Peer 1: 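Following this message is one structure expressed as structure tokens.
On a predicted model such as this, the values are computed, not experimentally measured, just so you know. Order of the sequence lines sets the chain letters (A, B, ...), proteins ahead of strands, with each chain counted from 1.
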Amino acid sequence: MSDERRDSLQAKTRYDPAEVERRIFAEWMEGGYFHPPAEGTAEESFSVAIPPPNVTGALHMGHALNGAMQDALVRMQRMRGRNTLWLLGTDHASIAVHAVLEKELRAEGTSRQELGREAFLERAWAWKEEYGSRIVEQLQRLGASCDYDRERFTLDESYVRAVHRVFRQLFDKGYIYRDNYMVNWDPGSRSVISDLEVENREVEDTLYSIDYPVEAAERVLTVATVRPETMLADTAVAVNPDDERYTDLVGRHCVLPLVGRRLPIVADDHVDPEFGTGALKITPGHDPNDFEIGRKYGLEEIGVIGSDGRMSEEAGERFAGMTAAEAREVVVEALREEGLLRAEEPYVHSVPFSHRSGERIEPLISLQWFCRMDELAKPAIEAVERDEVRIAPAQWKRVYLDWMNNIRPWCISRQLWWGHRIPVWYCDACEETFVAEEPPRRCGVCDGELRQDEDVLDTWFSSALWPFATLGWPDDTPELRAFYPTDFLTTARDILFLWVARMVMTALEFTDRVPFRDVYVHSVIQARDGRRMSKSLGTGIDPLEEIDVHGADALRFGLLAMSSTQDVRYSDAKVQQGADLANKLWNASRLILLNVNSERNQSPLNARQGQVPAGAGDGTSARLPAPSPVRVEDRWILSRLERTIASVTELLESYDFAHAVQEAYSFFWSELCDWYLEIVKPRLYDGEPEVSATLLWALERVLALLHPTMPFVTEEIWSYHPAREGHLAVHPFPEPDESLFDPGAEADVEAGIELTRRLRAWRDLVEVPVASVLAARVDGVEPQEFVARLARFEFEQDGGDPIASVGPVRVFSSAELPAEAVAARLENRRAELRSEVERGERKLADEGFVAKAPAEVVEEERGKLERYRAELEELSE
RNA sequence: GGGCGCGUAGCUCAGUGGGAGAGCGCUCGCUUCACACGCGAGAGGUCGCUGGUUCGAAACCAGCCGUGCCCACCA
């Protein structure tokens, strides 16, 4: 280390992430570590496709958590020397982009319709170029080791080819078809949306009961509805076939009030005789249930509400042009005048809203493109049943399977412009339809002009191809060979159906492989008060602000530490814990690096594994073996370190990030810093070579172990390590060395620690001044050297009569020891011990326990009882 | 209507059959030459309630109470 470097290390008593992070990130990028060559096979390499954020998106906590998890696993594999790709990209997000741009256009007093398709798309591309990479830059702030040189976009030219190929093949198989069907019309985005983009909310409406006169009879049928305006589109009335009140009416007709249309009275099981009067008005044009019933009985389908949300010509002159809400009032008023409005009552029920625009869904019949999913689902169900795709935690496997087993056709067309335009062309002259991957020039039948379908595909149709389309499919590219299938996917559960299930289906259909081996469904991070984090509620917490204040490592540690298999509240304390850990790492490293006797400065980690990390030095310099510790505390810390490496690694590999980081934290803080460093300080200051070697070895391994979760601070500290030959980002990840496990050393040092603790506690209780060193004798085995030093005792043979016992330590009286406090403390301890002895005796007197409990449990109980008895006897002398 | 989850220290959460844990907060004592974003020592829980299984239950089973989420076509 140069003198300047040493001085700066000496001077910085606090770790400052803001100063470090951008510099370190730039070094990684310069090293090209995140841009793997497209070589080898997918089995050899390690790859992850990032869940592509929307181009309109800004980094939110969900991205940050997901990023922290992916980066931890990706970095670990990269350090292990795998050819590692974390594929980055963004999603074109049709609806979101439309929302942004149309808002802009409205502010300018115009609209996309006025602008026209071509100009709108130009504007959309310009917007994408300007803002689309914002989230990518934000991922860099997090330290995400994505391949920034291989960024993909779901509207890339090659991606478009993949989409067209998939569309045509599904069409050829008869899975994709065009139909007039009941769809979810979103007046907000003025497009159809799929069932998965609809959310139901409880709403209080008014339930109206309306009398429908029966034709040629004095009777009326009273029907109930929350949407009286849709009665204009009624084409039947239904009753339950078992409902005796109406048996005689089935097959006859009602007369629709205000309209005069004759409505057949049909019988159908769907009608609940208990609800209202047991008679249901049927509106196939505007209600999904009624639509099904209508198709079943071949009823007329009338649409009275248009896609603009206004009443159409079909509704009649009186209503045409009104909004649905206006029409409702007029209809109700007219019914009231005619004396047909039987009742109005408040009614709470669930109503569909658009997840995207937030507006109430208008169900209507429309000519749209659909994709049958049942055949595609079959292999995707089997793959998960057979654990070829493993979903964790386990309950999500069943949720996935339940949904897949009840899958319904998917409406894939959208009345939008930004997106993959549907690759279908129509010939108006001969009414022929062409589906093609490349735009056909003329009609193949009559040579007439062709007109492309106006609509675009659901954004999720293209996202469903993400893991392979980003790697060049349908071409057989080196990237595809090297990195597909990918290894895992981490995601929040809200896109399990929307995205994950569809990727599994398309991957199996088009590549014959599962797209990834593991799916890990992670926590949703809620706001501090337990509410959803959302922009509209104002409950969002900005990860970038957190990074500004605490550093990326702190945020990453905090998110991983708070994560769980269930939803958790955002915890400032956990982020602070991460910041504290970064600072502690920095300062403990300063202690080591500024005080070691650095004659031996090679890398033990490299030596043991014999690896030369990519991007590291030439790999030819001499390597030293692991330190061969002579002192028991050295053997202890090395043993604990290796065990920690083993368990942290195992926890990371099983996606248990919270326990992984907390285990690393507690080893480092409690064992390495609080005990080992305190124990060895005198040897370190003395310049003893053995302890220096042990400390440098331990530091190297701790930094490497923590690098996947806290990449910046570990990389920065590593830059001062004498064994450094290259960046930590590509340094070997530690493998646990079981030959260093040492149960004997662990037991010995832990006993010393325990005694030290008891001595300190005793001092505190008798209120002896902190600085005073107490004289005492030890009966039995002499404790380790550090016990007396850290507890501020001096062990000697002679000092008169002991006035107190703490374990084997007999404390001599001295002026600083208040006799009364000592006596009180002694009595307290005796009382404690008596109760412990009593408890043990009671338990061992229980015949059931002695007879049925496992022998080792009983033995343990006996041992404890013996120890307590012995101590009590000692104190009673 | 169906499904899944949760209820443990003041707060946020771990803990799946052998004496209740962590972080933060709180109390007391320390400016001890890595770190006051620190060090040492403490206080604080009838583990939602009621039954059951077991020698032994925070953990397993049943019921209840409270709470969150997902799915679902009763107007």
Peer 1: Does the Lys NZ or Arg CZ of A:R829 fall within the cation-pi geometry relative to A:W762 - under 6.0 Å from the ring centre and within 45° of the axis?
Peer 2: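 Judged by the rule, A:R829 and A:W762 form no cation-pi pair.
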
Peer 1: Does any N or O donor sit under 3.5 Å from an N or O acceptor when you compare the side chain of A:E663 with the base of B:A14?
Peer 2: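 For A:E663, whose side chain was compared with the base of B:A14, there is no donor-acceptor pair (under 3.5 Å).
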
Peer 1: Applying side-chain hydrogen bond (donor to acceptor under 3.5 Å, both in side chains), which residue pairs with at least one partner in residues 267-283 of chain A are found, sequence neighbours left out?
Peer 2: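 As it turns out, the side-chain hydrogen bond (donor to acceptor under 3.5 Å, both in side chains) pairs with a partner in residues 267-283 of chain A, which skip direct neighbours, are A:T230-A:K281, A:D234-A:K281, A:D234-A:T283, A:D268-A:K296, A:D268-A:Y297, A:K281-A:T283.
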
Peer 1: If I pick the C1' atom on B:U31 and the same atom on B:G5, what distance separates them, to the nearest angstrom?
Peer 2: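 The answer is 49 Å between these two C1' atoms.
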
Peer 1: Could you measure between the two C1' atoms, the one in B:A58 and the one in B:G15, and give it in whole Å?
Peer 2: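 Roughly 9 Å separates the two C1' atoms.
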
Peer 1: Distance check, P atoms only: B:G66 and B:A41, in whole angstrom units.
Peer 2: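 It works out to 45 Å between them.
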
Peer 1: Could you check whether the side chain of A:K864 and the base of B:G19 have a donor-acceptor pair of N or O atoms closer than 3.5 Å, going by distance alone?
Peer 2: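 Side chain to base: pair found, below 3.5 Å.
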
Peer 1: Going by atom types only, do A:R825 and A:N828 share a side-chain donor-acceptor pair under 3.5 Å?
Peer 2: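 There is no such pair (donor and acceptor under 3.5 Å, judged by atom type) between the side chains of A:R825 and A:N828.
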
Peer 1: Please find the pair of heavy atoms, one from A:A233 and one from A:I302, that lie closest to each other, and give the distance.
Peer 2: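 Looking at all heavy atoms of both residues, the shortest contact is CB-O, 3.4 Å.
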
Peer 1: Rounded to whole angstrom, note down the P distance from B:G68 over to B:U16.
Peer 2: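 One P to the other, the span is 26 Å.
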
Peer 1: Now, which nucleotide makes the Watson-Crick or G-U wobble pair with B:G68, with each of the two distances under 3.5 Å?
Peer 2: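 Pairing partner: B:C4.
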
Peer 1: Check whether any side-chain N or O of A:Q566 sits under 4.0 Å from OP1 or OP2 of B:A14, and answer yes or no.
Peer 2: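 So the side-chain polar atoms of A:Q566 do come within 4.0 Å of the phosphate oxygens OP1 or OP2 of B:A14, strictly under.
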
Peer 1: Scan every strand shown for a Watson-Crick or G-U wobble partner of B:C13, both distances under 3.5 Å, and answer none if you come up empty.
Peer 2: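 Checking every strand shown, B:C13 finds its partner in B:G21, with both distances under 3.5 Å.
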
Peer 1: If we call it a pair only when both distances are under 3.5 Å in a Watson-Crick or G-U wobble match, what pairs with B:C73?
Peer 2: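 The base-pairing partner of B:C73, which may sit in any strand shown, does not exist here.
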
Peer 1: Please give the distance between the C1' atoms of B:A20 and B:C47 as a whole number of Å.
Peer 2: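 That atom pair is separated by 8 Å.
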
Peer 1: Which base sits across from B:G63 as a Watson-Crick or G-U pair, both distances under 3.5 Å?
Peer 2: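 B:C49 is the nucleotide pairing with B:G63.
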
Peer 1: State plainly whether the residues A:R763 and A:E816 are in salt-bridge range, i.e. N to O under 4.0 Å.
Peer 2: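 No, no charged N to carboxylate O under 4.0 Å.
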
Peer 1: Which nucleotide, if any, forms a Watson-Crick or G-U wobble pair with B:C26, using both distances under 3.5 Å?
Peer 2: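 B:G42 is the nucleotide pairing with B:C26.
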
Peer 1: Between B:G25 and B:A9, how far apart are the two C1' atoms, rounded to whole Å?
Peer 2: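 To the nearest whole Å, 11 Å.
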
Peer 1: Are A:R493 and B:C70 close enough that a side-chain N or O sits under 4.0 Å from OP1 or OP2?
Peer 2: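 For B:C70, OP1/OP2 do not have a side-chain N/O of A:R493 under 4.0 Å.
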
Peer 1: Does the structure show a Watson-Crick or G-U wobble partner for B:C35, both distances under 3.5 Å? Name it, or say none.
Peer 2: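 Check on B:C35: unpaired, no WC or wobble geometry under 3.5 Å.
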
Peer 1: Do A:R839 and B:G19 have a side chain to base donor-acceptor pair shorter than 3.5 Å?
Peer 2: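 A donor-acceptor contact between them is present.
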
Peer 1: Are A:K852 and B:G56 close enough that a side-chain N or O sits under 4.0 Å from OP1 or OP2?
Peer 2: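 No, no such contact exists.
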
Peer 1: Within the modelled atom types, does a donor on one side and an acceptor on the other bring the side chain of A:H270 and the base of B:C73 under 3.5 Å apart?
Peer 2: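 Result: at least one qualifying N/O pair found.
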
Peer 1: Using atom C1' of each nucleotide, how far apart are B:U12 and B:A62 to the nearest Å?
Peer 2: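 The same atom, C1', in both gives a distance of 31 Å.
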
Peer 1: For A:E678, is there an ion pair with A:R789 - N to carboxylate O distance below 4.0 angstrom?
Peer 2: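 No salt bridge links A:R789 with A:E678.
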
Peer 1: Under 3.5 Å, is there any donor-acceptor pair linking the side chain of A:Y868 to the base of B:G19?
Peer 2: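 Indeed there is one.
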
Peer 1: If only side-chain N and O atoms of A:T565 are considered, is one of them under 4.0 Å from the OP1 or OP2 phosphate oxygen of B:G5?
Peer 2: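 For A:T565, the contact criterion (side-chain N or O under 4.0 Å from OP1 or OP2 of B:G5) is not met.
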
Peer 1: Any N or O donor-acceptor pair linking the side chain of A:E836 to the base of B:G19 at under 3.5 Å?
Peer 2: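 Such a pair exists between side chain and base.
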
